[in-house]
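Because only heavy atoms are used, hydrogens play no part in the values below, and waters and symmetry mates are left out as well, while side chains stay in. Naming convention: chains lettered A, B, ... in sequence-line order (proteins, then strands); numbering from 1 in each chain. Only a predicted model underlies this, so the values are computations on that prediction, with no experimental measurement involved.
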Protein chains: 2
Amino acid sequence: MSSNPAGDDEIRDPIREAHRLWEAHGWLEAANGMAMVTSIVRVHQLLLERVDAVLKPYDLTFARYEVLRLLAFASNGRVSMTRMGSLLQVHPTSVTSAVARLERQELVERLRRTTDRRVVLASITDHGREVVEAATVRLNEEVFEQPGLAPAEVLTATRLMTDLRAAAGD
Amino acid sequence: MSSNPAGDDEIRDPIREAHRLWEAHGWLEAANGMAMVTSIVRVHQLLLERVDAVLKPYDLTFARYEVLRLLAFASNGRVSMTRMGSLLQVHPTSVTSAVARLERQELVERLRRTTDRRVVLASITDHGREVVEAATVRLNEEVFEQPGLAPAEVLTATRLMTDLRAAAGD
DNA sequence: GATAGATGCTTGGACGTCCAGAGATGTCGA
DNA sequence: TCGACATCTCTGGACGTCCAAGCATCTATC
């Protein structure tokens with residue numbers, strides 16, 4: 001179809017291309033917002049790829065890592081399911097799912113609060129503590145200390161994301 | 001445990017709290033990066049919530065919307081599966097999954113390229129075009145024109161996300 | 001105390017994403 | 001022509017997220 005020597009329809013950056021098409025269709029007021037949203041979606045995907053690659057040797061995903069990290073921080077290493085969902089800002093069923101897998105991996109135990117037997121407490125095991133500490137060291141080294149932006153820009157990006165969260169009622 | 005009158009362990013912003021804990025554990029070099037990554041993950045979640053809410057009346061998700069939008073832009077309304085995965089930057093199986101659902105909804109048809117019968121072309125139907133144009137109008141109005149930041153900040157955020165994508169080899 | 005409503009958690013199902021592997025088709029060199 | 005290899009797509013399964021619905025337990029009201 002094309003005479004482009006590097007292949008047909010070479011597109012450098014799909015997001016830039018989408019922005020161009022939005023403007024070409026007259027959606028001028030929306031083009032920049034579309035580009036921002038699409039960029040965030042893509043960055044999210046790339047960052048999670050990096051994070052999950054680091055966590056893979058520990059047989060963890062980011063979702064389960066966050067649960068373990070939260071429990072390791074908690075006093076007594078115990079937090080109720082509902083409270084975890086609230087702190088991690090995920091739905092109760094996601095907590096159920098994550099804790100179920102962590103329990104199978106023997107990184108977490110389930111306990112029932114005696115004063116209110118409806119409440120399930122997730123409790124990190126000694127092995128869970130070892131795993132989460134090792135995983136945190138690696139995550140810090142390989143992702144969080146090298147997030148892909150200069151230190152000042154990291155702060156700017158964080159501030160903008162915080163504003164976006166606030167605008168969405170977070 | 002706590003004497004906080006508004007309940008125990010009131011936490012305003014889980015991300016700020018995580019940042020504090022990271023510093024308290026001496027992970028100073030990683031704390032800002034952790035906060036940025038966590039913020040992006042959260043913003044992604046909130047934005048997709050907004051987008052999916054707008055698309056719900058059209059029985060679309062963002063993933064399927066992107067496929068439809070791409071097809072509507074393409075000449076003849078046709079694109080091969082592999083090329084869609086490349087342009088949308090998702091795995092081939094995600095394209096298969098999205099096109100399968102769109103086909104059931106009669107928004108897309110599958111054709112086979114005669115000159116190379118390995119290639120499947122997704123082709124948008126007239127009904128698909130109607131749906132995607134209507135959905136685009138709503139998305140522009142309700143999300144992309146009101147992304148939650150001032151216009152200048154939208155540009156800054158987009159630039160930072162673009163730099164992050166470049167750093168990740170996008 | 002008994003019953004109605006609230007709360008905490010789980011289950012089952014739909015969808016999206018990724019991986020591993022398989023099947024069909026094309027291409028290239030012996 | 002034939003066989004080896006590459007390419008395109010799909011299937012099946014694991015995991016995460018969300019929704020709707022259900023069960024167990026607690027609380028409040030009479």
Side-chain angles (χ1 to χ4, degrees), chain A residues 7-8 41-42 44-53 55-56 58-68 78-105 107-108 110-123, chain B residues 7 41-42 44-53 55-56 58-68 78-105 107-108 110-122:
Chain A
D8 57 330
V41 169
R42 178 65 178 146
H44 171 263
Q45 181 184 17
L46 291 166
L47 284 176
L48 273 203
E49 241 170 61
R50 287 182 65 191
V51 167
D52 282 339
L55 292 177
K56 187 159 194 180
Y58 303 98
D59 203 8
L60 287 177
T61 61
F62 192 47
R64 273 175 284 154
Y65 169 79
E66 285 195 302
V67 169
L68 266 195
R78 294 179 187 178
V79 180
S80 76
M81 303 295 276
T82 295
R83 183 153 177 70
M84 273 198 284
S86 160
L87 292 175
L88 299 176
Q89 298 174 292
V90 299
H91 282 224
T93 48
S94 298
V95 178
T96 297
S97 166
V99 168
R101 277 170 179 71
L102 290 169
E103 195 176 24
R104 264 184 256 145
Q105 297 176 277
L107 304 175
V108 155
R110 270 177 221 251
L111 308 172
R112 223 161 245 285
R113 180 177 284 162
T114 48
T115 56
D116 183 345
R117 298 189 37 73
R118 290 173 302 183
V119 177
V120 171
L121 299 171
S123 171
Chain B
V41 170
R42 178 65 178 148
H44 171 263
Q45 182 184 16
L46 291 165
L47 284 175
L48 272 203
E49 243 171 60
R50 287 182 64 191
V51 167
D52 282 339
L55 292 177
K56 188 160 192 177
Y58 303 97
D59 203 8
L60 287 178
T61 60
F62 192 47
R64 272 174 285 155
Y65 168 79
E66 285 194 302
V67 168
L68 266 196
R78 295 179 186 178
V79 180
S80 77
M81 304 295 276
T82 294
R83 184 154 176 72
M84 274 198 284
S86 160
L87 292 175
L88 299 176
Q89 299 174 292
V90 299
H91 282 225
T93 47
S94 299
V95 178
T96 297
S97 166
V99 168
R101 278 168 181 73
L102 290 168
E103 195 175 25
R104 263 185 257 143
Q105 297 176 278
L107 304 175
V108 155
R110 270 176 221 254
L111 308 172
R112 221 161 248 285
R113 180 177 285 162
T114 48
T115 55
D116 184 345
R117 299 189 37 74
R118 293 173 301 181
V119 176
V120 171
L121 298 171

Give each protein N/O atom lying under 3.5 Å from an N/O atom of nucleotides 17-21 of chain D, with the pair distance.
from: D:dC18; atom 1: OP1; to: B:Gln45; atom 2: NE2; distance (Å): 3.4
from: D:dC19; atom 1: OP2; to: A:His91; atom 2: ND1; distance (Å): 3.3
from: D:dC19; atom 1: N4; to: A:Thr93; atom 2: OG1; distance (Å): 3.4

Side chain of A:Asp116 - closest among D:dC26, D:dT9, C:dT10: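 Shortest atom-to-atom distance from the side chain points to D:dC26.
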
Candidate nucleotides D:dT11, C:dG26, C:dT10, ranked by approach to the side chain of B:Thr96 - the nearest: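 Selected nucleotide: D:dT11.
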
Given atom [atom1] of [X] and atom [atom2] of [N], what is their separation to the nearest angstrom?
{"X": "A:Met81", "N": "D:dT25", "atom1": "CE", "atom2": "C1'", "result": "16 Å"}
{"X": "A:Leu48", "N": "D:dG16", "atom1": "CG", "atom2": "P", "result": "12 Å"}
{"X": "A:Arg101", "N": "C:dT11", "atom1": "CZ", "atom2": "C1'", "result": "13 Å"}
{"X": "B:Arg118", "N": "D:dC8", "atom1": "CZ", "atom2": "C1'", "result": "6 Å"}
{"X": "A:Gln105", "N": "D:dC15", "atom1": "CD", "atom2": "C1'", "result": "11 Å"}
{"X": "B:Leu121", "N": "D:dC8", "atom1": "CG", "atom2": "P", "result": "12 Å"}
{"X": "B:Leu60", "N": "C:dA14", "atom1": "CG", "atom2": "C1'", "result": "15 Å"}
{"X": "B:Leu55", "N": "C:dG16", "atom1": "CG", "atom2": "P", "result": "11 Å"}

Counterpart residues, side chain to side chain donor-acceptor pair (under 3.5 Å), relative to A:Gln105 (two or more places apart):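 Only A:Asp59, A:Arg64 meet the side chain to side chain donor-acceptor pair (under 3.5 Å) criterion with A:Gln105.
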
With A:Tyr58 via side chain to side chain donor-acceptor pair (under 3.5 Å) - residues at least two apart: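 If we apply the side chain to side chain donor-acceptor pair (under 3.5 Å) test to A:Tyr58, skipping adjacent residues, there are no hits.
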
D:dT25 base / A:Arg117 side chain donor-acceptor hit below 3.5 Å: no

Pairs satisfying salt bridge (charged side-chain N to carboxylate O under 4.0 Å, His left out), at least one member in residues 87-97 of chain B, at least two apart: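 Qualifying pairs, neighbours excluded: none.
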
Touch class at under 4.0 angstrom, heavy-atom based, for B:Arg112 against every strand present: nothing

Smallest separation among heavy atoms of B:Val67 and B:Met84, with atom names: CG1-SD, 3.8 Å

Would you be so kind as to tabulate the donor-acceptor pairs closer than 3.5 Å made by side chains of residues 95-104 of chain A, with sequence neighbours excluded?
from: A:Thr96; atom 1: OG1; to: A:Pro92; atom 2: O; distance (Å): 3.3
from: A:Ser97; atom 1: OG; to: A:Arg101; atom 2: NH1; distance (Å): 3.2
from: A:Arg101; atom 1: NH1; to: A:Ser97; atom 2: O; distance (Å): 3.4
from: A:Glu103; atom 1: OE1; to: A:Arg110; atom 2: NE; distance (Å): 2.8

Side chain to side chain, A:Arg112 and A:Val120, heavy atoms closer than 4.5 Å: yes

Salt bridge (Lys or Arg N to Asp or Glu O under 4.0 Å) involving A:Arg42 - partner list, sequence neighbours excluded: B:Asp170

